[in-house]
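We count ligands from 1, going down the list as the structure has it; atoms in each ligand are counted the same way.
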Amino acid sequence: MALNPVLGKLVSKRVVLASASPRRQEILTNVGLRFEVVPSWFKETLEKSSFAAPYEYAIETAKQKALEVANRMHVKHLRTPDVVIGADTIVTVDEQILEKPVDKQDAYRMLSRLSGKEHSVFTGVAIIHCSSKGNQLETEITDFYEETKVKFSDLSEELLWEYIHSGEPMDKAGGYGIQALGGMLVEYVHGDFLNVVGFPLNHFCKKLAELYYPPPKHTVQHIKHDSIPSVDTFENVSDGESESSNFTEHKGANKLDSSGMCPSRPVYNCENTSSVRTGFTVPLGNQNGVSESAAKLPSKILDLMDGFKASKALFVASKLKMFDYLKNKGPLKAVDVANEVGTSVCGTERLLDACVALGLLEKTSQGYSNTDSANIYLTSDGEYSLHGYIIHSNDHLWPLFTNLESAVREGSRQNHRAFGRKAEDLFKDYYHSQEVKQRFMAAMHSIAHLTARDLATAFDLSQFKSTCDLGGCTGALAHELIQIYPNMKVTVFDLPEVIANISYFQPSEQCTAPVTFVSGDFFKDNLPEADLYILSRVLHDWPDEKIHILLSKISAVCKPGSALLVAEIVLDEQKTHPPRAVLQSLSMTEGKQRSGSEYKQLLEKYGFTNTQFKITGTLLDAVLCFKKNLSP
Ligand SMILES: O=c1[nH]cc([C@@H]2O[C@H](COP(=O)(O)OP(=O)(O)OP(=O)(O)O)[C@@H](O)[C@H]2O)c(=O)[nH]1
């Protein structure tokens, strides 16, 4: 995404937020960062008077918070994180540092000091890059601070006490939450609002950009330093290459950033013979003679009109394993790719160029090569390979969606039209055809592996000693759970036909306790005992009768206090967002996507209460609920 491109650099790293602050978690989650939360145990007791300036105190505290977590995770032989982020927010007024109030009286003391005055809010941030050399933790620390000025109105004693009794001030620096009721006390804010809330997101992104895209020597004057650069801007700039011809569009146009997202529209700023992008948007018309009105074209609609061509280009390039060849042998010319794959040269060249246009490949004078994202997501052995799901989309979903019109007219699945067989018969193929079974499992594995970290860390699951992932297929989530909770015993329960084919998908090095695989049918057989059951991408696929059988069985084996973790895309209450879920519904399975309140209601029906939601903003959301204690 063009707005938060530098965060894409963290996508393949294990990122830990060393903070218990729900606001910091929310700010970072909202921009799509994938991270685990490990609150720091560092006590905020540094001697304030030993610091020359208040921000130095905030930075040092942030650093100590992050270091404590990095050391603890390293010592505990959890996988050492790649990046640990710590933060500390303080308020200063009249040269005094205010932190979180210890009690209501303290909150009153703070707020009455702030009344009618301007004060400063400083957040110190530490970004620690960790590595493990031998048994030693090595760290590289980057830190910074941000200051925001806030002015309070004159506040009466009565209003202050009313605010304090709301309970809001207690866990907040300076005793107020600007994002909630505390916002009513504020006359003005000068600077970054999110800095006051607890995390200076803009400055953080700039720091990451500095770290991951250090500006090269010759091109710096073209970059607008106070804007967050797009990945393309900095990748292009840091290539340090001047193109030899006077072309207006850089060859890396529309390249995927490493989060796999594509900047919405490439923007270029040409000077002399070099092609250097600025960090801000210039209408296309200003650059290449296209009239201003072109910019007003309904670009979203045009994109949708072409969307199917783009999908199919991705599917075919994946199916022909072009990304695999390019990873191993690239850069390659079209003719070499055609020879490897056994395709026509002209057709291959067109497809490769289309992949460049879509940001999946790069093209230079040496030939075509993969982008970082293609290596990670599109090759069949990539770290977070989606290859299996892409092939499933091509071979299974594409034919179904080709018959969408009939599906909508008839309100039913179109397997008979797409595959010449009824859905039930088709399902039997999974049992009989090894190829189809492997394809389906590869597709499930792709998504499970990609989402495993988010799901495993969506809630603190350390209280559960035994977990059973029902329909857990290849065990991708199970392996992640054991990495994160080394004391947890995890069982995957799935059909015998599935369990018989898992070996290909197991991690090459087993550095944790093994996952146990148990064969069975969760609609018919006894379920293994566990404190926590998981249903990931199961409920949306089945009709109500089947769900009734499954949830009744889980409820019956769950002891009070045991829990059920459901992983699905949770719809908003209007049931129109997010689009992924709504579009998925169009395949007209007998199951359905549900909103948060629908999941809550469904789970309550089977004795699960205290339902908590974690909307991850990524591929799957998490819903955790607990089996009700028996009434006395
Ligand atoms: O307007 C707002 N101002 C401040 C906050 C919240 O206040 C706290 C600041 O405390 P600290 O930096 O020590 O962070 P903790 O919450 O203790 O978490 P750590 O585990 O990171 O130490 C912070 O939560 C801000 O979000 C606010 O919400 N609004």
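N195 contributes a side-chain N or O that, together with a main-chain N or O of V121, makes up a donor-acceptor pair within less than 3.5 Å. Between the side chain of S40 and the backbone N or O of E68 there is no donor-acceptor pair closer than 3.5 Å. E168 places no side-chain N or O within 3.5 Å of a backbone atom of Y176 that could act as its donor or acceptor partner. Side-chain atoms of S555 come within 3.5 Å of backbone N or O of Y606 as a donor-acceptor pair.
Annotation: E138, atom CD; neighbour count of heavy atoms from other residues, nucleotides and ligands within 6.0 Å is above 12. When the shell of 6.0 Å around CD of E44 is examined, it contains more than 12 heavy atoms from other residues, nucleotides or ligands.
Shown in contact with A87 at under 4.0 Å from a heavy atom are these atoms of ligand 1, numbered in order with element: 21 (O). Applying the 4.0 Å criterion to heavy atoms of K65 picks out, from ligand 1, the atoms 11 (P), 12 (O), 13 (O), 14 (O), 19 (P), 21 (O), 22 (O). Close approach of ligand 1 to G177 (heavy-atom distance below 4.0 Å) involves ligand atoms 1 (O), 2 (C), 29 (N). Atoms of ligand 1 found under 4.0 Å from any heavy atom of Q179, numbered from 1 in the order shown, are 1 (O), 2 (C), 27 (C), 28 (O), 29 (N). Against a heavy-atom cut-off of under 4.0 Å, E44 is close to the following atoms of ligand 1: 13 (O), 17 (O), 22 (O). Using a 4.0 Å cut-off to heavy atoms of D88, the atoms of ligand 1 that qualify are 11 (P), 12 (O), 13 (O).
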As a quick check of understanding, evaluate side chain to side chain contact (heavy atoms under 4.5 Å, CB included) for C130 and L137, giving each step before the final call. CA-CA 7 Å; C130 306; L137 173 70; 3.8 Å; yes

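No N or O atom of P39 sits closer than 3.5 Å to an N or O atom of ligand 1. Close N/O approach between R23 and ligand 1 is found [any backbone or side-chain N/O within under 3.5 Å]. For ligand 1, none of its N or O atoms has an N or O atom of G198 under 3.5 Å away. Considering backbone and side-chain atoms together, S40 places no N or O closer than 3.5 Å to any N or O of ligand 1.
Contacts of D171 with ligand 1, taken as heavy-atom pairs under 4.0 Å, involve the backbone alone. In R24, the part holding a heavy atom less than 4.0 Å from any atom of ligand 1 is the side chain.
Between the side chains of Y145 and E56, no donor-acceptor pair is found at a separation under 3.5 Å. Looking only at atom types and distance, the side chain of H540 has a donor-acceptor partner in the side chain of Q584 under 3.5 Å away.
Using a 4.0 Å cut-off between charged nitrogen and carboxylate oxygen, E146 and K206 do not count as a salt-bridge pair. Classification of K628 and E604 as a salt-bridged pair fails, no side-chain N sitting under 4.0 Å from a carboxylate O.
Closest to atom 1 (O) of ligand 1, if we only count protein heavy atoms, is I178 N, 2.7 Å. Looking at atom 4 (C) of ligand 1, its nearest protein heavy atom turns out to be V196 O, 3.4 Å. For atom 17 (O) of ligand 1, the closest heavy atom belonging to the protein is K100 NZ, 2.3 Å. Here the protein heavy atom with the shortest distance to atom 5 (C) of ligand 1 is V197 O, 3.6 Å.
Nearest to atom 20 (O) of ligand 1 by heavy-atom distance, out of A173, S21, A20, G86, is A20.
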